[in-house]
Visitor: 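One structure is given below, represented as structure tokens, and several questions about it will come after.
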Amino acid sequence: MPDDAVTMDKIVSLCKRRGIIFPASEIYGGIANTYDYGHYGVLLKRNVVDAWWQAMIGDRDDIVALDSAIIQHPRTWEASGHLAGFTDPLVDCRTCGQRFRADHLDAEHDVRCPRKPSVLPGQGPDCNLTEAREFNLMFETTIGPVQEAGSTVYLRPETAQGIFLDFKTVLGFARRKPPFGIAQVGKSFRNEITPGNFIFRTLEFEQMEMEYFVPPDDAHRWYLHWLQARMDWYERLGIRADHLRLRAHEQDELSHYSSATSDVEYLYPIGWQELEGIANRGNFDLTQHAEHSGEKLEYFDQQSGERYVPHVIEPAAGVGRATLALLCDAYDEDDLGGEARTVLKLHPQMAPVKVAVLPLVRKDGQPELAHEVRNLLRRRMQTEYDEGGSIGRRYRRQDEIGTPWCVTIDHQSLEDRTVTVRDRDTLTQDRVAIDTLPDVLAGKLEAPWTSPKLAA
Ligand code: GAP
């Protein structure tokens with residue numbers, strides 16, 4: 001189990017206190033497993049997504065971007081196997097009316113009966129569980145003005161299928177040949193009934209998925225390539241290597257489409273859990289959609305005269321889970337001269353705000369100079385201006401959202417146009433000339449970084 005100060009309760013409470021992430025529909029008492037992201041949460045999540053796009057299309061030439069529809073033709077889900085097979089086994093309790101996952105009734109999952117005594121479902125004196133029934137996780141809705149006359153459609157449970165449906169179109173436009181990939185980021189929806197662990201498992205969530213189309217004989221090689229590339233990516237976000245691992249699925253765990261899958265797992269406060277799945281999907285999806293649609297979904301190599309259905313390697317990541325891993329990995333508590341501090345030791349490139357500009361006092365021309373400094377920096381990086389409260393309180397506020405540098409304007413700044421730069425992790429304060437400040441901070445932002453929690 002984890003060895004540092006972080007617990008899920010502390011993350012939930014920090015996120016709520018600082019408006020990073022909080023329960024949705026709160027004025028109506030909330031809605032199960034659904035959360036909203038506030039200002040700092042949006043900035044943090046955007047940094048995760050930007051880093052993913054950078055790795056997929058900024059750093060490579062063999063992947064193109066796509067943004068496909070959430071509601072696709074209903075036959076999509078017949079072909080993909082989701083209509084028949086995307087189910088969880090559920091049981092209902094006839095006494096308390098609660099619904100549980102039949103495969104989560106054991107001590108390991110620690111799901112509790114809502115009645116007293118607090119026991120595992122089925123173990124209380126009044127528990128009366130039904131037989132397990134398969135329950136499809138897709139949300140249904142209807143197209144058309146009248147529900148009865150409309151046709152049933154589904155909110156996508158994964159972004160991947162839109163990529164397969166557009167394979168032929170993209171191949172035509174993108175002037176690429178296998179190996180090449182199509183990447184997309186977007187919301188997916190699953191009717192999860194499991195009590196969630198904060199944003200770990202939610203009803204709607206953003207996925208970052210890439211389908212990499214390869215000649216069949218090269219599939220295993222590319223599978224291994226993506227396992228390594230994705231592990232490296234999480235380390236580049238600053239996540240400690242000893243809190244990351246790859247776990248290969250057992251044969252009986254594999255999804256219906258997969259011949260091999262490994263999960264990138266992170267050591268969350270709730271234990272090792274999946275961050276991302278990397279699957280060798282073979283030619284399952286293209287073959288299924290070709291059969292159901294009547295369209296040929298294959299690649300013709302004009303040079304060799306060879307025609308084949310590409311195999312697919314799929315790294316599929318969750319934005320929420322990566323964001324939660326960053327928060328857990330960065331969370332720390334320390335003691336500053338007798339005063340407790342909560343701090344997010346995030347990689348500076350992931351931090352929602354890179355620099356806060358703080359006038360020491362709200363007079364003597366300091367706020368005016370601070371605004372000038374802020375305007376100098378804001379085009380280069382996300383900045384924030386704060387003049388409310390003591391300087392100590394303002395530092396604490398920035399520490400809690402993970403701001404790596406605080407720039408303080410004091411009386412000396414007005415005399416010699418220098419400021420102090422306070423480092424979130426080392427707590428050092430360096431004097432820097434205002435003219436050079438944007439370049440100094442930009443240099444720090446690009447510098448190699450490892451989590452200070454490693455040294456602790
Ligand atoms: N296209 C393959 C696919 O969707 P998955 O393992 O079911 O595979 C991929 O999902 C990733 O999406 C997961 O590793 C996880 O990060 C994220 N994810 C899946 N279900 C989720 C949920 N209910 N809430 C939050 N994230 C979820």
Visitor: Is it the case that Gln398 and Glu384 place a side-chain donor and acceptor less than 3.5 Å from each other?
Guide: yes
Visitor: Have a look at Asp4 and tell me which of Lys453, Lys10, Lys345 forms a salt bridge (charged side-chain N to carboxylate O under 4.0 Å, His left out) with it.
Guide: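 It is Lys453, the one option of Lys453, Lys10, Lys345 that forms the salt bridge (charged side-chain N to carboxylate O under 4.0 Å, His left out) with Asp4.
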Visitor: With a 4.5 Å limit on heavy-atom distance, are the side chains of Arg156 and Ser68 in contact?
Guide: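 Counting from C-beta outward, Arg156 and Ser68 do come under 4.5 Å.
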Visitor: Considering all heavy atoms of both residues, which atom of Val48 and which atom of Ala322 are nearest to each other, and what is their separation?
Guide: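 Scanning both residues, the minimum pair turns out to be CG1-CB, 3.9 Å.
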Visitor: Going by atom types only, do Arg431 and Thr420 share a side-chain donor-acceptor pair under 3.5 Å?
Guide: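 Absent: no donor and acceptor within the cut-off.
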Visitor: Assess, by modelled atom type and distance only, whether the side chains of Asp285 and Gln161 contain a donor and an acceptor separated by less than 3.5 Å.
Guide: yes
Visitor: Is atom CZ of Arg17 surrounded by more than 12 heavy atoms (other residues, nucleotides or ligands) closer than 6.0 Å?
Guide: yes
Visitor: Less than 6.0 Å separating the ring centroids of Phe139 and Tyr154?
Guide: no
Visitor: Would you sort out whether Asp59 and Gln54 count as a side-chain hydrogen bond (donor to acceptor under 3.5 Å, both in side chains), showing the intermediate values?
Guide: CA-CA 6 Å; Asp59 295 345; Gln54 180 61 35; 2.7 Å; yes
Visitor: Ring centroids only, cut at 6.0 angstrom: are Tyr212 and Phe180 within range, meaning strictly under it?
Guide: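 Tyr212 vs Phe180: aromatic centres not under 6.0 Å.
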Visitor: Might you confirm whether atom CZ of Arg60 has over 12 heavy atoms from other residues, nucleotides or ligands at distances under 6.0 Å?
Guide: yes
Visitor: Would you say the side chains of Asp166 and Thr169 form a donor-acceptor pair under 3.5 Å?
Guide: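 No donor-acceptor contact under 3.5 Å links the two side chains.
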Visitor: Determine whether the side chains of Thr418 and Asp416 contain a donor N or O and an acceptor N or O closer than 3.5 Å.
Guide: yes
Visitor: Could you tell me whether the side chain of Ile391 reaches within less than 4.5 Å of the side chain of Leu360, counting heavy atoms only?
Guide: yes
Visitor: I'd like to know if the side chain of His411 pairs up with that of Asp364 as donor and acceptor (distance under 3.5 Å, no hydrogens or angles considered).
Guide: no
Visitor: Would Tyr266 and Tyr268 count as a close aromatic pair, with their ring centres under 6.0 Å?
Guide: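 Here the rings of Tyr268 and Tyr266 have centres that are less than 6.0 Å from each other.
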Visitor: Please check if atom CG in Asp61 has more than 12 non-hydrogen atoms from other residues, nucleotides or ligands closer than 6.0 Å.
Guide: no
Visitor: Taking the six-membered ring for Trp, are Tyr257 and Phe284 parallel (under 30°), tilted (30 to 60°) or perpendicular (over 60°)?
Guide: tilted
